[in-house]
Chemist: 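Structure below; questions to follow.
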Amino acid sequence: MSDLTHNNNTVLSASEIRTIFQKTAEEFSTSKVPTARLPIILEPMPARIEHTLLKMDATPNQITQLCDEAIQFGFRGICCLPRYIPHCRTRLKDTQPLVISVIDFPLCGSSPRDGATLAQHAVADGAHEVDMVLDVSSLKSSSRAAVFERIALVVEKCGDVPVKVILETGFLTETEIVMACAIAHTAGAAFVKTST
């Protein structure tokens with residue numbers, strides 16, 4: 001492909017994916033942000049699972065149960081709303097599961113500055129990892145710089161805490177998914193996820 005047009009109905013070849021990724025990454029190559037690394041997990045399946053409860057009506061008792069199940073089954077971690085980070089840190093103290101939280105979830109509706117502040121608070125409250133939602137609106141509007149800046153700002157505020165970007169792939173074309181991966185990579189994200 002000679003340009004980064006949006007393909008709605010075609011399947012990209014490996015060569016096209018590489019080209020789109022490289023061209024998108026080159027846009028931000030001088031601004032590349034250091035990435036906090038995630039470990040490569042070779043353990044059995046339970047050690048790869050992030051047990052998650054992100055419902056708006058989740059109760060403290062349900063969050064306690066989430067933590068207890070993570071301990072019982074040997075899960076990698078739990079993922080909770082930011083307000084439950086301190087509760088989970090206390091419940092999981094001296095155990096293996098990590099405390100992972102989301103920011104600007106599920107819609108990426110706050111300003112970039114507010115999203116970064118939420119991430120900073122999540123880290124201060126004890127989150128081991130932070131998951132953020134991709135700015136789908138900006139990507140769809142061909143504002144790739146805005147997508148990059150939002151992720152980079154969150155990564156900066158998280159320091160050594162890994163940031164994972166939820167791409168919301170159900171809203172993206174294949175080309176946009178490749179571009180989103182390249183932007184997340186150059187902005188310092190440690191990992192991408194498919195969707196909420």
Side-chain angles (χ1 to χ4, degrees), residues 11-14 17-18 21 25 33-108 118-119 122-123 125-134 136 151 154-155 158-174 176-196:
V11 176
L12 298 174
S13 69
I17 290 171
R18 252 189 318 279
F21 188 96
V33 179
T35 302
R37 299 289 176 195
L38 287 174
I40 295 173
I41 302 169
L42 302 175
E43 289 88 5
M45 186 55 70
R48 302 174 189 209
I49 293 173
E50 294 173 5
H51 200 27
T52 302
L53 180 56
L54 298 172
K55 296 184 343 179
M56 68 183 335
D57 62 347
T59 65
N61 286 342
Q62 290 172 322
I63 296 297
T64 297
Q65 181 181 346
L66 181 83
C67 293
D68 292 347
E69 289 170 353
I71 295 166
Q72 177 185 353
F73 296 111
F75 293 149
R76 178 176 187 273
I78 61 91
C79 188
C80 64
L81 294 171
R83 69 181 183 204
Y84 287 119
I85 296 170
H87 176 82
C88 294
R89 282 298 299 243
T90 299
R91 191 69 181 185
L92 295 172
K93 186 177 181 189
D94 300 325
T95 66
Q96 289 293 102
L98 302 174
V99 176
I100 301 156
S101 192
V102 291
I103 56 134
D104 217 358
F105 180 86
L107 300 175
C108 186
L118 291 170
V123 171
D125 286 345
H128 294 109
E129 294 175 4
V130 172
D131 291 6
M132 67 177 291
V133 179
L134 180 79
V136 172
I151 298 169
V154 168
V155 168
C158 288
D160 292 335
V161 172
V163 173
K164 300 181 312 229
V165 179
I166 304 165
L167 299 183
E168 299 299 7
T169 55
F171 293 100
L172 304 178
T173 65
E174 192 171 359
E176 289 167 338
I177 292 168
V178 175
M179 289 190 295
C181 289
I183 292 167
H185 171 71
T186 55
F191 197 83
V192 292
K193 301 172 95 167
T194 54
S195 65
T196 56

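The structure presented is a predicted model; accordingly, all values stated were derived computationally and were not measured.
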Chemist: Taking all heavy atoms of P162 and all of A190, pick out the closest pair and write down the distance.
Modeler: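 That closest heavy-atom pairing would be CB-CB, 3.9 Å.
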Chemist: Less than 4.5 Å apart, any side-chain heavy atom of C79 and any of D131?
Modeler: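 They are in side-chain contact.
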Chemist: Does a side-chain N-to-carboxylate-O contact under 4.0 Å join D68 and R91?
Modeler: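 Here D68 pairs with R91 in a salt bridge, since their nearest N and O are under 4.0 Å apart.
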Chemist: How long is the straight-line distance from OG1 of T186 back to CD1 of I151, given to the nearest 0.5 Å?
Modeler: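 Nearest 0.5 Å value for the CD1-OG1 distance: 8.0 Å.
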Chemist: Roughly how far, to the nearest 0.5 Å, is the OG1 atom of T95 from the CD atom of Q72?
Modeler: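 Taking CD in Q72 and OG1 in T95, the distance rounds to 13.0 Å.
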Chemist: Can you measure from CD (E168) to NZ (K193) and round to the nearest 0.5 angstrom?
Modeler: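 Here the rounded value is 11.0 Å.
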Chemist: Do you know the tightest heavy-atom contact between V123 and C158?
Modeler: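 Here V123 and C158 meet closest at CG2-SG, 3.8 Å.
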Chemist: Do you know which two heavy atoms are closest between L54 and F105, and how far apart they sit?
Modeler: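 In this case the closest contact between L54 and F105 is CD1-CZ, 3.6 Å.
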Chemist: Please examine the side chains of E176 and L167, heavy atoms only from C-beta on, and report whether any two atoms are closer than 4.5 Å.
Modeler: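 They are not in side-chain contact.
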Chemist: Whether the T35 and H185 side chains hold a donor-acceptor pair (N or O, under 3.5 Å, no angle test) is what I'd like checked.
Modeler: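 The criterion, which ignores hydrogens and geometry beyond distance, is not satisfied for H185 and T35.
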Chemist: Compare every heavy atom of T64 with every heavy atom of H87, then report the nearest pair and how far apart it is.
Modeler: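 H87 and T64 have their closest heavy atoms at NE2-OG1, 2.7 Å.
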Chemist: Passes side chain to side chain contact (heavy atoms under 4.5 Å, CB included), D104 versus V133? Steps please.
Modeler: CA-CA 7 Å; D104 217 358; V133 179; 5.6 Å; no
Chemist: Can you list everything that forms a ring-ring contact (aromatic ring centres under 6.0 Å, His included) with F73? Sequence neighbours excluded, please.
Modeler: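 If we apply the ring-ring contact (aromatic ring centres under 6.0 Å, His included) test to F73, skipping adjacent residues, the hits are F75.
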Chemist: Identify the heavy atoms of I100 and G77 that sit nearest to each other, and give their distance.
Modeler: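 I100 and G77 have their closest heavy atoms at CD1-CA, 4.5 Å.
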Chemist: Donor-acceptor pair, H128 side chain versus V99 backbone, under 3.5 Å?
Modeler: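 It does hold such a pair.
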Chemist: Can you find a pair of side-chain heavy atoms, one from Q65 and one from L53, that are under 4.5 Å apart?
Modeler: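 A side-chain contact is absent here, since even the closest heavy-atom pair is not under 4.5 Å.
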Chemist: Could you tell me if the side chain of I183 sits less than 4.5 Å from the side chain of L134, heavy atoms only?
Modeler: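 A side-chain contact under 4.5 Å is absent here.
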Chemist: Are T194 and T169 side-chain neighbours, meaning at least one heavy-atom pair lies under 4.5 Å?
Modeler: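 Answer yes - side chains close enough.
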Chemist: Using only atom types and a distance under 3.5 Å, with no angle test, would you say the side chain of T52 pairs donor to acceptor with the backbone of E50?
Modeler: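 Yes, the answer is positive, given that a donor and an acceptor are paired below the 3.5 Å cut-off.
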Chemist: When rounded to the nearest 0.5 angstrom, what is the spacing between CD1 in I78 and CG in L66?
Modeler: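 Answer rounded to 0.5 Å: 5.5 Å.
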Chemist: Going from SG on C88 to CZ on R83, what distance comes out if it is rounded to the nearest 0.5 angstrom?
Modeler: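 One finds 11.5 Å between SG of C88 and CZ of R83.
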Chemist: Is any side-chain heavy atom of R89 closer than 4.5 Å to a side-chain heavy atom of D125?
Modeler: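 Of all side-chain heavy-atom pairs linking D125 with R89, none is under 4.5 Å.
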Chemist: Looking at every non-hydrogen atom in both residues, tell me the closest pair between A119 and V154 and how far apart they are.
Modeler: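 Answer, listing the atom of A119 first, then V154: CB-CG1, 3.7 Å.
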Chemist: When you look at CD of Q96, are more than 12 heavy atoms from neighbouring residues, nucleotides or ligands closer to it than 6.0 Å?
Modeler: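 Open.
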Chemist: Could you grab the distance from atom SG of C80 to atom CD1 of I63, nearest 0.5 Å is fine?
Modeler: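 It is 6.0 Å, given to the nearest 0.5 Å.
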Chemist: Evaluate C108 against V136 for side chain to side chain contact (heavy atoms under 4.5 Å, CB included), listing each step before the verdict.
Modeler: CA-CA 8 Å; C108 186; V136 172; over 6 Å; no
